[in-house]
Amino acid sequence: MAPVTRSSRLSKVSGRDDDDARRASDAEDRPAWLDVGRSAWARVFGAPAIEDQIEPEDETSDASRALTRLLTSVARAAMVGGTLKGGLNAFALLARARKKGFTAAATRDALRDTAAFASFLSTFALVYVSADEGLAVAYGKQQSKRWRAAAAGALAGPSLLLADGVGRGGSGSARRHYGLATYIWLRSLVLLVRCGLNRRKDDETPMDPRVERLLAPFASPHADVGLMMASATVILSCFILKPDALRGPYAGFLNRHGGKSVHHYRAVQAVAVARPGAETAAALTDAAKTLYPKNDRAARALLEHAAMNNTHPESRAFDAAVRARPQLWGALLHPGQSPIEHFARFFVSSLARSVTIYFPLYLLPAVLVHRKKLLGPRGKTLAWRAAGGVARSSAFLSAYCASAWLGPDLVQRVVGDMRWWTIVGGVPLAGLATFIEKPSRRQELGIYCASRAVEAGTLCLLDWGMIPRSVSGWRHDVSLFALAAAVIMHCYNAEREVFKSKYLNVLDLVFGNVGHTRQSISHVGSFKDLMTKKPVIGSPPRKVRKKRLNGSGENGEAPSRWYE
């Protein structure tokens with residue numbers, strides 16, 4: 001018989017500890033109804049962030065909690081959907097009433113559209129919570145916690161079909177939601193970028209150098225401005241050269257704030273794609289008759305350019321016409337004005353149109369959310385702050401539209417020609433106007449414009465035959481939304497710090513956590529609550545990764561980033 005040594009005793013003790021730990025882990029992941037004397041609900045149900053720390057007293061109380069989570073999520077999702085869509089439809093009805101008056105058909109369509117959107121969000125909450133709970137039962141709470149929320153979000157994605165509602169006049173034709181799906185998809189990409197940037201700053205977990213180089217541009221505090229410039233390249237190029245790529249209310253918004261008529265856009269498009277000679281002469285002659293029938297001076301200048309293009313290609317007049325092509329942009333859009341003069345006049349005239357857009361956007365939240373503070377001692381300060389926000393946003397929109405006309409003009413004068421590619425190369429100047437806007441709104445503007453740019457670019461690719469027509473009838477909006485929902489719900493479950501507090505509060509309100517615990521909307525960031533409050537029971541709190549601050553301020557504060 002071999003002697004029993006100290007090392008052998010330690011190895012046996014260590015082996016027993018490992019076996020006990022393994023059995024405990026297996027028991028935790030095993031469906032709880034197989035455990036005698038233990039609550040089935042206590043093992044599998046609960047919101048990941050809070051309920052992991054709470055052990056229900058018995059099976060009945062936890063079953064009640066799960067049912068309450070499900071019913072409350074459905075009810076609150078329906079409330080959020082009805083409020084958002086109902087408010088938008090109410091404003092649309094008021095705008096329609098100013099021009100055409102109220103109609104029973106329009107009101108019915110608005111109510112049906114609101115009900116359809118509310119049913120979409122409530123069904124999404126129903127499927128997500130049910131799938132989350134069911135997957136936890138089937139695969140174990142701990143084993144599935146890394147992917148369960150993503151799978152539940154993907155399964156809930158097809159609920160977007162319920163938002164189709166009815167067509168105009170109750171026709172029942174299904175609508176596509178590419179704008180909404182693309183916007184949500186881009187928001188999910190922003191969350192992924194934030195996750196990557198958080199890991200990029202973590203010295204303990206080294207990142208692949210290729211991924212780090214890919215994420216480097218997004219770490220810039222001005223990445224949102226770059227996104228706006230890229231979006232402006234697609235949106236404004238399509239708006240001038242291919243207007244049918246922009247549809248719906250957004251196209252009407254650009255038509256109103258573009259400050260030009262449809263005939264101006266068509267004339268610029270015709271001249272930009274025409275070759276010097278007879279094609280340019282025909283486009284200029286038609287523009288002179290259409291744009292300036294009562295402005296003899298402007299029409300005469302266009303006809304002179306047309307006459308020079310009609311000459312022999314080897315003549316001096318034709319050479320003069322080629323050299324004068326950079327001046328055609330100004331002759332078509334702002335005859336008798338220099339580029340800088342037109343920019344200044346357009347900016348001033350556009351301010352009035354912009355104020356009518358932003359004044360209600362700042363007034364309504366101030367009255368509805370901060371009405372008590374407005375009547376208090378700080379009311380004057382808040383009012384001035386809101387007025388400054390209106391002025392700043394109006395100046396941004398005016399500068400954005402004015403720069404869209406100035407950029408191509410400057411590029412054409414530099415390169416000495418007017419072509420479609422000079423327009424594409426000049427419109428990104430409009431994105432620099434984003435510096436005027438408040439930093440807190442730049443990212444929202446960038447994501448919204450990027451979603452419109454993706455939509456317009458896809459329509460162009462379809463029209464050019466680069467995307468087969470056979471796949472254009474598929475519901476890609478549903479697939480895109482399901483993918484985005486999977487990413488967002490995964491980040492909500494595992495990477496909560498990448499959310500801004502206002503979005504996290506809404507998700508907590510609907511899907512459970514602080515909102516369900518308090519039965520109210522919390523105006524304090526949930527992430528802050530999670531990291532500062534003590535755990536409910538004695539389980540060890542999660543380790544929080546500290547952010548490395550590179551700022552040179554007095555308190556070591558880091559500069560504001562677009563992803564924060």
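Worth saying up front: this structure is predicted, and the values here are computed from it rather than measured. For reference, positions follow the sequence shown, starting with 1.
- A heavy-atom distance below 4.5 Å is not found between the side chains of T83 and V80.
- The side-chain tip of R353 points at the ring of F346 from less than 6.0 angstrom away and within 45° of straight on.
- Side-chain N/O atoms of E455 and T182 include no donor and acceptor closer than 3.5 Å.
- Checking side-chain atoms of H334 against main-chain N and O of P339 turns up no donor-acceptor pair under 3.5 Å.
- Side-chain contact between Q412 and L328: absent, with no pair of heavy atoms (C-beta onward) separated by less than 4.5 Å.
- Atom OH in Y400 sits 9.5 Å away from atom CG in L445 (nearest 0.5 Å).
- Here N493 contributes atom CG and L507 contributes atom CG; the two are 11.5 Å apart, rounded to the nearest 0.5 Å.
- When every heavy atom of Y265 is checked against every heavy atom of G259, the shortest pair comes out as OH-N, 4.3 Å.
- Side-chain atoms of S451 come within 3.5 Å of backbone N or O of Y448 as a donor-acceptor pair.
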Would you be so kind as to tabulate the donor-acceptor pairs closer than 3.5 Å made by side chains of residues 423-435, with sequence neighbours excluded?
from: T434; atom 1: OG1; to: G431; atom 2: O; distance (Å): 2.7

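- Inter-residue side-chain proximity for S354 and S393 is flagged as unmet; no heavy-atom pair is nearer than 4.5 Å.
- Atom CH2 of W420 has 12 or fewer neighbouring heavy atoms from other residues, nucleotides or ligands inside a 6.0 Å radius.
- Checked by atom type and distance alone, the side chain of T422 never pairs as donor or acceptor with a backbone atom of M418 at under 3.5 Å.
- When all heavy atoms of L459 and A245 are compared, the pair lying nearest together is CD1-O, 3.2 Å.
- How far CE of M228 is from OG1 of T233: 10.5 Å, rounded to the nearest 0.5 Å.
- Looking at N89, its side chain does come within 3.5 Å of a backbone N or O of K85 through a donor-acceptor pair.
- Among all heavy-atom pairs drawn from R419 and P276, the shortest one is NH2-CD, 3.3 Å.
- Side-chain contact between Y492 and M489: present, with at least one pair of heavy atoms (C-beta onward) separated by less than 4.5 Å.
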Item to check | Criterion side chain to side chain contact (heavy atoms under 4.5 Å, CB included) on L189 and L186, from CA distance to verdict | outcome: CA-CA 5 Å; L189 292 183; L186 288 173; 4.1 Å; yes

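- I240 contributes atom CD1, which lies 12.0 Å from atom CD1 of I235 (distance to the nearest 0.5 angstrom).
- In this structure a side-chain-to-backbone donor-acceptor pair under 3.5 Å is present from R194 to V498.
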Checklist entry - Which is it for V271 and E279 under the side chain to side chain contact (heavy atoms under 4.5 Å, CB included) test, yes or no, and what are the steps along the way? => result CA-CA 8 Å; V271 174; E279 293 182 3; over 6 Å; no

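- Looking at Q443 and I447, their side chains come closer than 4.5 Å, going by heavy atoms from C-beta outward.
- Counted by atom type alone, D409 and H342 present zero donor-acceptor pairs between their side chains at under 3.5 Å.
- Here the side chain of W329 pairs a donor or acceptor atom with the backbone of W405 at under 3.5 angstrom.
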Run the side-chain donor-acceptor check on residues 120-127: report pairs under 3.5 Å with partners two or more places apart or on a different chain.
from: S122; atom 1: OG; to: A118; atom 2: O; distance (Å): 3.0
from: S122; atom 1: OG; to: S119; atom 2: O; distance (Å): 3.0
from: T123; atom 1: OG1; to: S119; atom 2: O; distance (Å): 2.7

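- Here the shortest heavy-atom pairing between L227 and A450 reads CD1-CB, 4.0 Å.
- With S403 contributing its side chain and L406 its backbone, the two residues share no donor-acceptor pair below 3.5 Å.
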Checklist entry - Between L161 and R475, does a side chain to side chain contact (heavy atoms under 4.5 Å, CB included) hold up when you go through it step by step? => result CA-CA 9 Å; L161 293 169; R475 292 303 300 266; 3.6 Å; yes

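- A donor-acceptor pair shorter than 3.5 Å cannot be found between the side chains of S261 and R266.
- Here CG of D224 is found 11.5 Å from CZ of F218. Values are rounded to the nearest 0.5 Å.
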Checklist entry - Do D286 and T290 pass the side chain to side chain contact (heavy atoms under 4.5 Å, CB included) test, and can you show the C-alpha distance, the side-chain angles, and the key distance before you say yes or no? => result CA-CA 6 Å; D286 183 66; T290 305; 3.9 Å; yes

Next on the checklist: One pair to check against side-chain hydrogen bond (donor to acceptor under 3.5 Å, both in side chains): T458 and Y178. What are the steps and the verdict?
Outcome noted: CA-CA 10 Å; T458 304; Y178 285 106; over 6 Å; no

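- Residues meeting the side chain to side chain contact (heavy atoms under 4.5 Å, CB included) test with A287, sequence neighbours left out: A267, L291, L302, L332.
- Looking only at distances, a side-chain donor or acceptor of R442 sits under 3.5 Å from a matching main-chain atom of E437.
- Residue Y358 qualifies as enclosed at atom OH: its count of foreign heavy atoms under 6.0 Å is above 12.
- At least one side-chain heavy atom of C238 sits less than 4.5 Å from a side-chain heavy atom of C460.
- Within the model, atoms CG of D477 and CZ of F481 stand 10.0 Å from one another, a figure rounded to the nearest 0.5 Å.
- Of all heavy-atom pairs spanning G153 and A485, the tightest one is O-CB, 3.5 Å.
- Look at K438 and E444 and you find no salt bridge, because none of the NZ, NE, NH1 or NH2 atoms lies under 4.0 Å from a carboxylate O.
- Heavy atoms of other residues, nucleotides or ligands lying less than 6.0 angstrom from CZ of R392 number more than 12.
- Under the 3.5 Å distance criterion, with hydrogens and angles disregarded, no donor-acceptor pair is assigned to the side chains of S73 and Y128.
- Two residues are said to be in side-chain contact when any heavy atoms from C-beta on lie closer than 4.5 Å; E495 and L191 fail this criterion.
- The shortest heavy-atom contact between V234 and A456 is CG1-CB, 4.5 Å.
- In this structure, the side chain of Q269 engages the main chain of L241 through a donor-acceptor pair within 3.5 Å.
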